[in-house]
Number of protein chains: 2
Amino acid sequence: MTELLWGSTPVPSRGPKPAVTLTGIAEAAIRIADAEGLDAVSMQRVADDLPVTKMALYRYLPGKAELIAVMTDLAMGTPPERPEQPWRETLHTWSMDLYDGFSRHPWLLLSTVGQRPIGPNEMSWIDRGIRALTGSGLSGSEQLDTIVVLTGHVRTLALQTTTMPGGRAGLTEEALLSSFTAMLTDHADRYPSLATALQTAEPDNQGLQFGLERILDGLELLITSRKGSASGY
Amino acid sequence: MTELLWGSTPVPSRGPKPAVTLTGIAEAAIRIADAEGLDAVSMQRVADDLPVTKMALYRYLPGKAELIAVMTDLAMGTPPERPEQPWRETLHTWSMDLYDGFSRHPWLLLSTVGQRPIGPNEMSWIDRGIRALTGSGLSGSEQLDTIVVLTGHVRTLALQTTTMPGGRAGLTEEALLSSFTAMLTDHADRYPSLATALQTAEPDNQGLQFGLERILDGLELLITSRKGSASGY
DNA sequence: GTTAACTGTGTCCGGTGGACACAATAATGT
DNA sequence: ACATTATTGTGTCCACCGGACACAGTTAAC
């Protein structure tokens with residue numbers, strides 16, 4: 001599977017011209033997933049959108065898992081270019097860019113779950129994030145862990161707020177709040193702390209920003225403490 | 001679907017005794033998911049482990065989605081009782097408890113993705129988390145957002161480190177690191193920042209702790225600033 | 001004892017991912 | 001020009017999935 005994501009297509013010489021390309025297949029799959037959700041992406045459905053039959057797809061892909069992997073990396077794309085800025089601002093916009101990516105292709109939240117090979121585009125996202133932290137004084141592991149925390153938070157919030165065509169997921173914070181409150185009217189006694197918290201809760205849709213600021217605050221604390229103690233290090 | 005999770009079973013009077021119970025079905029499904037992964041949980045497979053046929057299950061559940069919902073809430077359980085402590089310590093152990101839960105039932109990471117009804121047990125986890133923040137000076141929304149950040153982080157790390165029987169997911173941090181490095185030996189020039197970060201990276205498996213401390217640090221910063229400015233509020 | 005409510009079963013359907021044999025095509029070596 | 005051969009495209013088949021539905025079996029209430 002790794003070859004499909006990273007390797008170059010070894011243009012064939014003999015035989016009939018291929019009717020489609022790997023990228024073409026992935027693009028068709030992306031169109032379907034965008035419009036009808038990831039569940040709608042089946043080999044048959046993809047083939048229907050191309051001048052080819054279902055089984056012909058297996059000439060380009062070993063199986064569906066590989067299709068998902070390829071379309072995932074393709075849809076992820078590369079992070080947009082941004083002007084140079086201090087690490088905190090850079091990571092902030094980087095996170096927002098990532099969030100936008102998930103908003104554009106909500107099914108990415110489903111296809112990027114579980115063990116899977118990492119494609120070149122996904123790798124470039126990581127690289128860009130790390131770049132913001134070079135010279136921060138953080139160790140390599142800490143830089144990587146930072147990216148993990150940020151992507152995790154962005155994923156979580158995107159999962160809660162984004163609407164998916166396939167029906168799965170997608171609640172605004174208001175809807176989430178109201179469904180909570182509805183559930184609690186019957187069982188307020190079982191969840192006293194949650195009940196009182198909901199009374200003073202406003203649907204501000206600020207979950208993404210809130211968590212982001214907390215994480216960046218905590219990070220800043222660590223970085224400045226490092227800078228302060230070890231000067232020439 | 002909500003009734004199944006929250007409502008009580010309206011014990012039937014007439015007719016033959018039910019051969020199984022809803023909880024029994026859910027427990028069987030949990031056993032299968034624990035041993036063979038969530039994908040192995042099919043109506044047929046569950047029925048095979050019980051003294052009923054596949055279609056009999058539909059007498060207890062409208063469909064598979066409901067089965068997943070019920071078994072998810074059941075496997076989630078209630079958070080373990082912990083002695084009273086300051087909010088930071090409480091949230092820390094709460095997060096670790098949650099992580100343990102995901103480790104025990106890795107498929108929860110897959111079944112808790114997307115829009116779905118929230119069960120009573122899951123609700124109790126939220127309530128317990130919120131409880132730690134009562135009296136912290138944070139607003140209801142902020143308390144909820146805090147729980148979101150923490151669960152998100154725990155989920156992310158559990159997803160990366162836990163091994164799933166179904167084959168999906170499950171890399172130790174070492175394995176992740178080595179696969180990264182392997183990928184980069186060929187494309188170090190494309191990802192310069194990541195490459196240098198990996199050189200100084202050690203597989204310490206500290207991702208969970210690192211992120212947790214950052215988040216809690218950021219939170220503490222907010223809480224103390226609130227306490228300092230508005231005294232009697 | 002009859003009735004009515006409820007549980008359990010067998011059959012059928014469309015859809016899925018995929019194996020495999022086979023037909024069509026086109027560039028190559030002679 | 002022609003036969004060779006690698007490669008692509010197709011049709012058929014399979015097991016499995018979730019689920020609809022009609023029907024048989026069981027048991028408590030009247």
Distance-only polar pair, side chains of [X] and [Y], donor-acceptor under 3.5 Å:
X       : Y       : value
T112(A) : R155(A) : yes
Y191(A) : T196(A) : no
S111(A) : T72(A)  : yes
T23(B)  : Y60(B)  : no

Contact under 4.0 Å: T53(B) side-chain N or O vs dG8(C) OP1/OP2
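Answer no for this pair, as no side-chain N or O of T53(B) is under 4.0 Å from OP1 or OP2.
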Classify the side chain of R14(B) and the base of dT27(D) as holding, or not holding, a donor-acceptor pair under 3.5 Å.
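No, no donor-acceptor pair under 3.5 Å.
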Ignoring hydrogens and angles, are the base of dG19(D) and the side chain of K54(B) linked by a donor-acceptor pair under 3.5 Å?
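It does, because a donor-acceptor pair links the side chain of K54(B) to the base of dG19(D) below 3.5 Å.
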What integer distance in Å separates [X]:[atom1] from [N]:[atom2]?
X      : N       : atom1 : atom2 : answer
D48(A) : dG9(D)  : CG    : C1'   : 15 Å
L57(A) : dT16(C) : CG    : P     : 13 Å
R59(A) : dT25(C) : CZ    : P     : 15 Å
D39(A) : dG17(C) : CG    : C1'   : 14 Å
Y58(A) : dA21(C) : OH    : P     : 17 Å
L67(A) : dT16(C) : CG    : C1'   : 14 Å
L61(B) : dT7(C)  : CG    : P     : 12 Å
K64(A) : dG15(C) : NZ    : P     : 15 Å

[X] side-chain proximity, nearest of [options]:
X      : options                  : value
M43(A) : dG8(C), dG9(D), dG17(C)  : dG17(C)
A56(A) : dG9(D), dC17(D), dG17(C) : dG9(D)
P16(A) : dG17(C), dA26(C), dT7(C) : dA26(C)
Y60(B) : dT7(C), dA26(C), dT9(C)  : dT7(C)

Between K17(B) and M55(B), name the one whose nearest nucleotide on DNA chain D is closer to the 5' end.
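Closer to the 5' end of DNA chain D: M55(B).
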On DNA chain C, nearest-nucleotide positions of P51(B) versus Q44(A): which is more 5'?
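Closer to the 5' end of DNA chain C: P51(B).
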Give a yes/no verdict on a cation-pi contact between R104(B) and F102(B), requiring under 6.0 Å between NZ or CZ and the six-membered ring centre and an angle within 45° of the axis.
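No, a cation-pi geometry is absent between R104(B) and F102(B).
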